[in-house]
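Below: the structure, in structure tokens.
Worth knowing before you read on, the calculation uses all heavy atoms, side chains too, and leaves out hydrogens, waters and symmetry mates. All values derive from a computational prediction rather than experimental measurement. Whatever order the structure lists them in is the order used to number ligands and atoms, beginning at 1.
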Amino acid sequence: MSELDCTDRPFSPGPGLRVVIGRDTLAARVEQLAGEITDCYGSGEITIVGVMTGAFIFLADLMRSLSMPIRLDIVSVCSYPGESIKSRGPQLTLPPTADLAGKDVLLVDDILDSGKTMTFLLDLFSAARPASLRTCVLLQKDLDQPVDRPEADFVGFEIADEFVVGYGLDYDGMYRGLADLCVLDPSPSSEGDK
Ligand code: IMP
Ligand code: MG
């Protein structure tokens, strides 16, 4: 079996992209978050509901840093159809399959922006009468215009109010595989920001 060496991937994500959180910082914070989640739940079973598609890389990394028994379910919510960078409101495109009644449920999403997705999912999941319902997001946007949104129980990073891609997050279905979190930045001067 051949050995794969992924350590030599170029750090530059490509033209028009500016790194805002590098892969090492992401990895270190995900480990810390797993510690915070373990401090909260202890060693009891939890049910994680991951929100597709944006959370898939964060979810995979986070789960592998947790050691309690985990039941996993996924839901899919679409907020930014096509080339839109303005949310048109969440639509459930894949509903949950697990019975959440009586379970300790942790909702894991990529980013808390307007909060509409989280509000929508919290309403949906509360109706299933879980024993507890908490939320974890990798990113929380520090919005220019304050909005009435739910607080997440676990937050990886606060970021500026910019549209970010990479580490699972997309623009029009692209960039999800970038190892670093980046901003789409058309200005050539962004080359100096790495
Ligand atoms: P909200 O409903 O406005 O809070 O948006 C949450 C969802 O929109 C997230 O789960 C993401 O899928 C998507 N989203 C929000 N902001 C961004 C961004 O900057 N880049 C990529 N996706 C985003
Ligand atoms: Mg999402």
Walk me through whether Tyr167 and Asp61 qualify under side chain to side chain donor-acceptor pair (under 3.5 Å).
CA-CA 10 Å; Tyr167 198 67; Asp61 285 347; 2.6 Å; yes

Quick one: does ligand 1 sit under 4.0 Å from the side chain of Asp109, the backbone, both or neither, non-hydrogen atoms only?
side chain

Between Leu169 and ligand 1, which residue portion shows a heavy-atom distance shorter than 4.0 Å: side chain, backbone, both, or neither?
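Contact part for Leu169 vs ligand 1: side chain (C-beta onward).
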
Find all atoms of ligand 1 within a distance of less than 4.0 Å from any non-hydrogen atom belonging to [X], and give their numbers and elements.
X: Asp170; answer: 21 (C)
X: Lys141; answer: 16 (N), 17 (C), 18 (C), 19 (O)
X: Ile111; answer: 6 (C), 9 (C), 10 (O), 11 (C), 14 (N), 15 (C), 16 (N), 17 (C), 23 (C)

Looking at Thr117, Asp110, Val77, the heavy atom closest to atom 9 (C) of ligand 1 belongs to Asp110

Residue selection (non-hydrogen contact nearest atom 17 (C) of ligand 1) among Phe163, Phe120, Tyr175
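Result: the heavy atom closest to atom 17 (C) of ligand 1 is in Phe163.
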
What are the two closest non-hydrogen atoms of [X] and [Y], and how far apart are they?
X: Leu26; Y: Ala179; result: CD1-O, 3.6 Å
X: Leu106; Y: Ile46; result: CD2-CD1, 4.4 Å
X: Asp104; Y: Ala131; result: OD1-CB, 3.8 Å

Is it true that [X] lies under 4.0 Å from ligand 1, counting heavy atoms only?
X: Ser114; value: yes
X: Gly115; value: yes
X: Glu162; value: yes
X: Val164; value: yes
X: Arg149; value: no

Quick one: list whatever passes salt bridge (Lys or Arg N to Asp or Glu O under 4.0 Å) with Glu36, sequence neighbours left out.
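Only Arg29 meet the salt bridge (Lys or Arg N to Asp or Glu O under 4.0 Å) criterion with Glu36.
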
Is it the case that Arg134 places NZ or CZ above or below the six-membered ring of Tyr41, under 6.0 angstrom from the centre and within 45 degrees of the axis?
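Judged by the rule, Arg134 and Tyr41 form a cation-pi pair.
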
Any donor-acceptor pair under 3.5 Å from Asp180 side chain to Arg23 backbone:
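At least one qualifying donor-acceptor pair exists.
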
Connected-component partners of Val51 among ILVMFWY, side-chain separation under 4.5 Å
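Besides Val51, the cluster holds Val49, Val75, Val77, Leu92, Leu100, Val105, Leu107, Leu112, Met118, Phe120, Leu121, Leu122, Leu124, Phe125, Leu133, Val137, Val155.
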
